[in-house]
Novice: 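Once you've had a glance at the structure underneath, I'll fire off some questions.
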Amino acid sequence: MSNKIPKPEGKLKEQDELKQLKKRIAELEMENDILKKWQRFQAEERRKGIVS
């Protein structure tokens, strides 16, 4: 039958995977934020170079 009851270890695996995915999302968001700040910094440096 296809109506299997999920085993507790299967549920635990899903929770672990979800926890890992949430952690990875947080890491990528932080990396993205750093890259955006770097991009703004570079743009500002270019503007300073043009004005000077």
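Since the model is a prediction, treat every value here as computed from it, not as a measurement.
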Novice: Is the closest side-chain heavy-atom distance between Lys19 and Lys22 below 4.5 Å?
Specialist: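 No - every pair of side-chain heavy atoms lies 4.5 Å or more apart.
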
Novice: More than 12 heavy atoms of other residues, nucleotides or ligands under 6.0 Å from CD of Gln39: yes or no?
Specialist: no

Novice: Going by heavy atoms in the side chains, are Glu29 and Asp33 under 4.5 Å from each other?
Specialist: no

Novice: Look up atom CZ in Arg24 and atom CD in Glu31, then write down how far apart they are to the nearest 0.5 Å.
Specialist: 7.0 Å

Novice: Please examine the side chains of Glu45 and Phe41, heavy atoms only from C-beta on, and report whether any two atoms are closer than 4.5 Å.
Specialist: yes

Novice: If I take atom CD1 from residue Ile25 and atom CG from residue Asn32, how far apart are they, to the nearest 0.5 angstrom?
Specialist: 12.5 Å

